[in-house]
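Right, one structure below, let's go through it.
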Amino acid sequence: MGALALHVADEALTGFLAFYNPLVESIRARLPWFPMPTFTFGAWLGGLALVVLALASLTPAVRRGGVAALAASWVFGGLMFLNGLAHLGGSVWFGRWLPGATSAPLMLVASFFLMRVTWQRHRDAARARTI
């Protein structure tokens, strides 16, 4: 959760929306069905702050485990891994350091760790069922 919060701060402090919104609008000019929204700063930051707080509030449930927690951990870990790759890959593609790229390696490491722990818990639960 800390990696995501740090990533949100990184994006907010480095002008992520000044890059993101024009990119989405240029893609929509070519592909009108493109599903990504544009944001105002307040709505974007407020929404991400709520997501971070909601995810943090789920920490006890994830620690207890269960099928839903395992599935949610896989999804969250995968999304955060792709997010980190997108920031770094976008930096290569556009030939400049993009907003949010500074914390992207941390996102990759944290998401990999989450998925590894999730896999271990899944494996341990499967072993416990077969014993």
Side-chain angles (χ1 to χ4, degrees):
M1 204 52 47
L4 177 59
L6 196 76
H7 184 66
V8 170
D10 178 15
E11 289 179 333
L13 294 170
T14 57
F16 175 72
L17 288 182
F19 172 80
Y20 170 83
N21 282 337
L23 176 65
V24 168
E25 289 169 356
S26 72
I27 294 171
R28 275 200 212 139
R30 287 174 278 161
L31 306 169
W33 53 266
F34 188 65
M36 297 300 289
T38 57
F39 297 99
T40 62
F41 184 77
W44 172 77
L45 188 58
L48 285 175
L50 286 175
V51 167
V52 169
L53 289 172
L55 289 170
S57 73
L58 295 174
T59 300
V62 171
R63 283 197 177 141
R64 283 192 301 273
V67 175
L70 286 173
S73 294
W74 275 115
V75 170
F76 179 64
L79 288 173
M80 294 304 97
F81 190 82
L82 292 174
N83 187 311
L85 284 180
H87 282 279
L88 295 175
S91 292
V92 171
W93 179 265
F94 289 101
R96 66 183 181 95
W97 200 244
L98 295 182
T102 301
S103 59
L106 178 61
M107 294 282 288
L108 293 173
V109 170
S111 62
F112 176 78
F113 178 74
L114 173 62
M115 290 187 286
R116 190 175 130 239
V117 168
T118 302
W119 172 252
Q120 289 171 338
R121 283 188 172 193
H122 172 75
R123 190 184 59 214
D124 292 346
R127 283 183 185 155
R129 285 190 300 269
T130 60
I131 295 176

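Starting from 1, each residue takes its place in the sequence as its number.
Applying the side chain to side chain contact (heavy atoms under 4.5 Å, CB included) criterion to W33, with sequence neighbours excluded, gives L31, P35. Partners of S73 under the side-chain hydrogen bond (donor to acceptor under 3.5 Å, both in side chains) rule, at least two apart in sequence or in another chain, do not exist in this structure. Listed by chain and residue number, A3 satisfy the side chain to side chain contact (heavy atoms under 4.5 Å, CB included) test with A110 (two or more places apart in sequence, or in another chain). With sequence neighbours excluded, the residues forming a ring-ring contact (aromatic ring centres under 6.0 Å, His included) with H87 are H7, F16, listed by chain and number. In this structure, the side chain to side chain contact (heavy atoms under 4.5 Å, CB included) partners of T38, at least two apart in sequence or on a different chain, are N21, V24, E25, R28. With sequence neighbours left out, L45 forms a side chain to side chain contact (heavy atoms under 4.5 Å, CB included) with V8, A12, F41. Remark: F94 engages F19 in a ring-ring contact (aromatic ring centres under 6.0 Å, His included) (not counting sequence neighbours).
Nearest heavy atom pair, residue A101 against residue S91, reads CB-OG, 3.5 Å. The two atoms that bring A104 and L88 nearest to each other are CB-CG, 3.7 Å, heavy atoms only.
A ring-ring contact (aromatic ring centres under 6.0 Å, His included) check over residues 109-128, counting only residues at least two apart or in different chains, returns the pairs W119-H122.
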Side chain to side chain contact (heavy atoms under 4.5 Å, CB included) between W74 and M115, intermediate numbers included: CA-CA 6 Å; W74 275 115; M115 290 187 286; 3.7 Å; yes
T14 vs T102, side chain to side chain contact (heavy atoms under 4.5 Å, CB included): CA-CA, chis, key distance, verdict: CA-CA 10 Å; T14 57; T102 301; 5.7 Å; no
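Residue L53 shares its hydrophobic cluster (ILVMFWY side chains chained together at separations under 4.5 Å) with no other residue.
If you take OG on S103 and CG on L13, they are separated by 10.0 Å, rounding to the nearest 0.5 Å.
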